[in-house]
Number of protein chains: 2
Amino acid sequence: MVKKILNNTISVDCVIFGFDFEKLNVLLVDRVLVDEKSGKELFTDLTLTGNHIFEDESLEDAAARILFDLTGLENIYLKQFGAFGDPERLLKPNDQAWLKASGRDPHSRILSVGYYSLLATEKVTLKWKGRNVKWYPVSEVSELAFDHIDIFQSALEALRRELLYEPIGFELLPEKFTLSQLQKLYEVVLGVELDKRNFRKKVSRMKYLIPLDEKQKGVAHKPARLYMFSREVYERTRKEVFDFNI
Amino acid sequence: MVKKILNNTISVDCVIFGFDFEKLNVLLVDRVLVDEKSGKELFTDLTLTGNHIFEDESLEDAAARILFDLTGLENIYLKQFGAFGDPERLLKPNDQAWLKASGRDPHSRILSVGYYSLLATEKVTLKWKGRNVKWYPVSEVSELAFDHIDIFQSALEALRRELLYEPIGFELLPEKFTLSQLQKLYEVVLGVELDKRNFRKKVSRMKYLIPLDEKQKGVAHKPARLYMFSREVYERTRKEVFDFNI
DNA sequence: CTGTTAAGTGTTAAAAAAACACTTTGATTT
DNA sequence: AAATCAAAGTGTTTTTTTAACACTTAACAG
């Protein structure tokens, strides 16, 4: 049975972040427009991973599906961070050519709902057959198709803000991780340097960060203790934040 | 010239908050369905203020227009807080009846982009002719048409979170206000009690809160000094927040 | 067994948060 | 004119949090 697509004016774009213990990366798709007659490449540029929504599907389900098709992973952290519907968002020449070539009305206005998702780069094998999907360091992303650079930047801001106040960093790490990896993650995402001793003092207050009786293996130096994040402890002990910085 | 409406599947809903120095209020519209033949009221319930989007209009412009039509005010604080597109969001019997009566396909799925806005109740004279628009205390909102209760709660959460970290409380106050009014605002929106002396100590550190050489008038007690918010000072002195609470 | 590399650890000073009660001022009432 | 009312305004102490800062330890590699 063929699923019916909701309509042509709403889509979902996913900004998929990955952390490789060194830097923050984002998944981007190579958009190649090939001339029908000559078979020659007219242009190539990069886009976020986006897609239509099926008729029976919620927005978040559509985002999860895109993510699954791309990585084979389920139950991944997903967060809606904005809706993008500017009348001018698809008017760049390349975008118009692309829309025409893919049989869409280039004058139609498409609203995109943005989701960002977090995963550890290492546990992913990319598998979007027939499309060129790759990790790119966030710091090197400069131009993207459509208004995707705005969507991307908005996602990054949303991620930074969220990371400051919620324990979502663990979503970017494997199940077991070291404190140095966690610290590096904060440093890379927020773009700051943190003091090792102060960082450890701070996280040691967080009961949902569980130290394991297990050590890193295969490293040529003193192996670090491994930790894991306990969602149960977090949910149980989370308290209201009344600390306001007007 | 008649403006063309973008399409039938995207709309904007505004959650308009107002503060009256005592409590937080929200603007709601009385939705009355009248039977065509008998002229009898079939039901009446409450909705948020929503509307379609014109073809040349950005989402935020549409939200600002709704706000202007309702209050006559321009340059009001507006913040997008979410997009709502669940397949089930318009399926309640009253909603279906309403959609049919207003000539819409009851099976079509409408995506709503939510904006919340902040204003001081006192400076508003409501003027949406022909429709019954009123302020309702936020604490008394229980049932709303469509999925508007979800949208409303999502707006309230977004407002609380924003208020904790950004100086947006001033948007809910008149230009000149007292510290007690500011404190009450925080207490009401966040649902906490704050210590007067500690509150004043805290805000006295904020350089963008400007004390005026002016006092409250017409009160039967010691009149309070008036303050105003300086956006310029805020923009100039705003610094990155590196304080993280994982 | 030596060198390399990152892990792990504690103290002190400064700043911020939390807890807490009385005096002052202007308008209103008697 | 004096008394009353109601909210404004004001400091100190304790506790908690932040910030700055350097050496020892453990495992592997050669």
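Proteins get letters first, then strands, A, B, ... in listed order; numbering begins at 1 in each.
Between B:Q181 and B:Y227, the side chains place no donor N or O within less than 3.5 Å of an acceptor N or O (distance only, hydrogens not considered). A donor atom on one side chain and an acceptor atom on the other are found under 3.5 Å apart for A:T44 and A:D30. When only modelled atom types and interatomic distance are considered, B:Q183 and B:E187 share a side-chain donor-acceptor pair under 3.5 Å.
With rounding to whole Å, B:K217 atom NZ is found 17 Å from D:dA8 atom C1'. Nucleotide C:dG8 holds its C1' atom 14 Å from the CZ atom of A:F199, rounded to whole Å. For the pair A:E214 CD and C:dA7 C1', the interatomic distance rounds to 17 Å; values are reported in whole Å. Separating the CZ atom of A:F21 from the P atom of C:dA7 is a distance of 12 Å, rounded to the nearest angstrom. Across the protein-nucleic acid pair, B:K184 atom NZ and D:dA7 atom P stand 11 Å apart, rounded to whole Å.
Within 4.0 Å (heavy atoms only), B:R205 reaches sugar-phosphate atoms of the nucleic acid but no base atom. At a threshold of 4.0 angstrom between heavy atoms, the contacts of B:S180 are confined to the sugar-phosphate backbone, with no base atom among them. At the heavy-atom level, B:R225 lies under 4.0 Å from the strands shown only through sugar-phosphate atoms.
Under the ring-ring contact (aromatic ring centres under 6.0 Å, His included) criterion, A:F17 pairs with no residue, sequence neighbours left out.
In this structure, B:R200 reaches the D:dG9 phosphate: one of its side-chain N or O atoms is under 4.0 Å from OP1 or OP2. For the OP1/OP2 pair of C:dA17 and a distance below 4.0 Å, the side-chain nitrogens and oxygens of B:K201 include no atom meeting the criterion.
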Per-nucleotide protein contact string for nucleotides 22-30 of chain D, where B marks a base within reach and S marks sugar-phosphate only (heavy atoms under 4.0 Å, - for neither): B--BBBSS-
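To the nearest 0.5 Å, atoms OG1 (B:T71) and CD1 (B:I66) are separated by 11.5 Å.
With distances taken from any side-chain atom of B:N198 to the nucleotides D:dT17, C:dC20, D:dT10, the minimum falls on C:dC20.
Pairs of residues two or more places apart, or lying in two chains, that qualify as salt bridge (charged side-chain N to carboxylate O under 4.0 Å, His left out) and include a residue from residues 227-236 of chain A are A:E171-A:R231, A:R231-A:E235.
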